[in-house]
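See structure below.
All heavy atoms count here, side chains included; hydrogens, waters and symmetry mates do not. So you know, we letter chains A, B, ... as the sequences are listed, proteins then strands, and number each from 1.
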2 protein chains.
Amino acid sequence: MPATIRDVARESGVHISTVSRTFSAPHLVNAETRSRVLACAEHLGYRPNRAARALITGRTHNIGLIVADIANPFFPPLIKAAESQARQRDYHIFVTDTNEDASVEEDLVRALAKQVDGVLLCSPRMSNSLIEQLSREVPLVVVNRQLTGLPTVVMDVAQGARLAIDHLNGLGHRRIALVAGPRGSWTSREIRRSAMSAARAGDADLTVIGPNQPTEDGGMAVAEQIVRAGVTAVLAYNDLMAIGLIEGLTAQGQRVPEDVSVVGIDDIALSRLTRPKLTTVATPTAAAGRAAVDMLLAHGDDRRTTAQITLQTELVIRDSTGPGPGPHSHADPGGVVATALGDVASYAKE
Amino acid sequence: MPATIRDVARESGVHISTVSRTFSAPHLVNAETRSRVLACAEHLGYRPNRAARALITGRTHNIGLIVADIANPFFPPLIKAAESQARQRDYHIFVTDTNEDASVEEDLVRALAKQVDGVLLCSPRMSNSLIEQLSREVPLVVVNRQLTGLPTVVMDVAQGARLAIDHLNGLGHRRIALVAGPRGSWTSREIRRSAMSAARAGDADLTVIGPNQPTEDGGMAVAEQIVRAGVTAVLAYNDLMAIGLIEGLTAQGQRVPEDVSVVGIDDIALSRLTRPKLTTVATPTAAAGRAAVDMLLAHGDDRRTTAQITLQTELVIRDSTGPGPGPHSHADPGGVVATALGDVASYAKE
DNA sequence: GTGAAAGCGCTAACAC
DNA sequence: GTGTTAGCGCTTTCAC
């Protein structure tokens, strides 16, 4: 049987409220009393019961984190960073996985709502209006989706997509495909919009293929369409799809980058390990995880500042892109860091 | 303000205890009353407060999951499977990361102890005696470590290591290196023990290198030692290290598998995507996650059956292993499934 | 089958 | 600075 506040009170000869204060408002307790209480608590192995505390304060010191797919390598660095940031502030994180299914997101948020102080919604597939509705039931921070009136953390994928298209264009590619992400993904829409306009500006054709599952298989599945489309370069929604696509293209007898150049997005750890090494747009996922936790916890202090932060992305040129058939402009934006909005200094990539 | 049991009682004209029963013991409530209460609850958006429930029942319906490194690709499939299995049984999972640091594991277990019904300790680096001590404070299921008297889920890595060494031996390799894992890892010791005996049985030399960080960098770092050791084949503690090692060997001008064969362990998703594709020992991580959750939740029913389950592993032969200088025996165990102990049928790999 | 009452472990006014 | 008191939302005896 674990020790309660009453055991500590008895042993240290004070009232339970003094014990309570020792833990929740130490400055209100005489230093001497405090150390005696602390000693007894230590000795009894006492730990405040968070459920009891939550019942009365209304704060659970728990955070919910909902991701589309834990096993998608994009998420673990985000989860890890969020967990670490939360723990540092004495919060614990419930991690849940929606299996890329928009319809379970709502249930998950509601199921979590009662036992957390807020929910980090990462890459939600549900509608904006539903998100807004849920935000009235539990504090929400939305990651990977822009939404007015709510605190959000997004990567500047528009800038990233532009850098990628410009890079391909600079290499002489004029017929480019965009392999889109899943339905309901804000990021995918954003990439599409930005890639379109960048392609137009560069006098290139952009063929959009999708929506698709944002997985390796999803990428592999479109290889044939890519070949049929007759493009010489591809921008994929994420690295996993890019890698699957390269796999698929290879199976179709296409060489990357000699026949087709491929660019991914995210710069997951994996992208440095495949052959050819993937050219990709790096997104600061760990920073996003930390920022999201900070925003959620700051939220309580001042309800009116619903900050929206945009984290910068950058193009990482590796081996999956090469010269295309068109004229090369050597204004190659390789390695150039995208401009970003908002206060990102403290969330620099590790 | 969220609806409480009292709101529902008022609206449906019954006493709060009837509402309580409707949710926690529905069979004790008149069918008609029940449906009326349910309707009101639905209408008010009532959800039982778990903290309040936990306070009185002592069961939180939460589980803690402690892993060495969320971002290590070995863990996400395990986390995902555990989370899914738990949620299906109406449990939520706190995920925490120790950063491969044995000293934080203890704190983490204790911090979690009060707000969970049990903890899944995955790949613990702490001592056996400390694990036993903690198991007296909170129900524990230990994954990736054998420990008498506690419920455990392990992969049969001994069998896996034997298959790997036999495979290399069959290919004619007689000078083999084992790249060990981190200090404190039961799995690493197990692999070592088994690889040693398999090598001896096959008249091969086994050089052990380590301990090492179980990461890509850790693998890359030993490439030079491998070359100096003059071995023709390597078994690595895990795929990540194997991949890093291949990277490092390539940088040293060695070809894989022509000059050196490399075998990994785990069969993470990544191992199919690198070039050469990795020969490896597949461990059923998702099954382990499910099994661990089941064992923890079953634990309550019958305290005396501290089951220990061992999940079978199998060798997956891909492209990172090839013929060595010695005589080939064509008794190649490729694809053969290892024998396993315990009841594993219901945890078959997905 | 339902109501009444007690209390899980803790915090938050409010006295003193 | 510390004790007293009244619950937080719920489950669980025990009556009826």
d([atom1], [X]; [atom2], [N]) in whole Å:
{"X": "A/Leu55", "N": "D/dG9", "atom1": "CG", "atom2": "C1'", "value": "5 Å"}
{"X": "A/Arg50", "N": "D/dC8", "atom1": "CZ", "atom2": "C1'", "value": "18 Å"}
{"X": "B/His27", "N": "C/dG1", "atom1": "NE2", "atom2": "C1'", "value": "12 Å"}
{"X": "A/Ile5", "N": "D/dT4", "atom1": "CD1", "atom2": "P", "value": "14 Å"}
{"X": "B/Asp7", "N": "D/dC10", "atom1": "CG", "atom2": "C1'", "value": "13 Å"}
{"X": "A/Leu28", "N": "C/dC14", "atom1": "CG", "atom2": "P", "value": "15 Å"}

Taking only distance into account, with no hydrogens and no angle test, what donor-acceptor pairs under 3.5 Å do side-chain atoms of residues 37-47 of chain A form with protein atoms, sequence neighbours excluded?
unit_1	atom_1	unit_2	atom_2	d
A/His43	ND1	A/Glu11	OE2	2.8

Residue whose closest nucleotide on DNA chain D lies nearer the 5' end, B/Tyr46 versus A/Val14: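 This one resolves to A/Val14.
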Phosphate OP1/OP2 of C/dT2 contacted by B/Thr33 side-chain N/O (<4.0 Å):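 For C/dT2, OP1/OP2 do have a side-chain N/O of B/Thr33 under 4.0 Å.
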A/Ser20 side-chain N/O to C/dG9 phosphate OP1/OP2 under 4.0 Å: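 For C/dG9, neither OP1 nor OP2 has a side-chain N or O of A/Ser20 closer than 4.0 Å.
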With A/His61 via ring-ring contact (aromatic ring centres under 6.0 Å, His included) - residues at least two apart: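 A/His61 satisfies ring-ring contact (aromatic ring centres under 6.0 Å, His included) with A/Tyr91 once adjacent residues are dropped.
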Contacts of type ring-ring contact (aromatic ring centres under 6.0 Å, His included), residue B/Phe94, not counting sequence neighbours: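 In terms of ring-ring contact (aromatic ring centres under 6.0 Å, His included), with neighbours along the sequence ignored, B/Phe94 is linked to A/His92, A/Phe94.
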Any residue meeting side chain to side chain donor-acceptor pair (under 3.5 Å) with A/Ser127, in chain and number order, not counting sequence neighbours: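 A/Ser127 satisfies side chain to side chain donor-acceptor pair (under 3.5 Å) with A/Ser129 once adjacent residues are dropped.
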Partner set under side chain to side chain donor-acceptor pair (under 3.5 Å) for B/Asn72, not counting sequence neighbours: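 Side chain to side chain donor-acceptor pair (under 3.5 Å) check on B/Asn72 returns nothing, list empty.
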Ion pair B/Arg89/B/Asp294, N-O distance below 4.0 Å: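 A salt bridge links B/Arg89 with B/Asp294.
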Measure from the side-chain heavy atoms of [X] and tell me the nearest of [options].
{"X": "A/Arg53", "options": "C/dC10, D/dC10, C/dG1", "result": "C/dC10"}
{"X": "A/Ala52", "options": "D/dC8, C/dC10, D/dT2", "result": "C/dC10"}
{"X": "A/Arg6", "options": "C/dC10, D/dT11, D/dG9", "result": "C/dC10"}
{"X": "B/Ser24", "options": "D/dT11, C/dG1, D/dC10", "result": "D/dT11"}
{"X": "B/Thr57", "options": "C/dC10, D/dT2, D/dT11", "result": "D/dT11"}

Pairs where residues 16-33 of chain B contributes a residue and the test side chain to side chain donor-acceptor pair (under 3.5 Å) is met, not counting sequence neighbours: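 The answer is B/His15-B/Ser17.
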Overall bend - the helix from C/dG1-D/dC16 to C/dC16-D/dG1, comparing terminal axes fitted on five pairs, nearest 10 degrees: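 Comparing the first five pairs with the last five, the axes sit 30° apart.
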No-hydrogen, no-angle side-chain donor-acceptor test under 3.5 Å, B/Asn62 and B/Arg50: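 Not at all, the side chains of B/Asn62 and B/Arg50 share no donor-acceptor pair under 3.5 Å.
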B/Ala9: partners by side chain to side chain contact (heavy atoms under 4.5 Å, CB included), with sequence neighbours left out: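 Counting only residues at least two positions away or on another chain, B/Ala9 forms a side chain to side chain contact (heavy atoms under 4.5 Å, CB included) with B/Ile16, B/Val19.
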Write out a two-atom table: protein N or O, nucleotide N or O from nucleotides 4-7 of chain C, distance below 3.5 Å.
unit_1	atom_1	unit_2	atom_2	d
C/dA4	OP2	B/His15	NE2	3.4

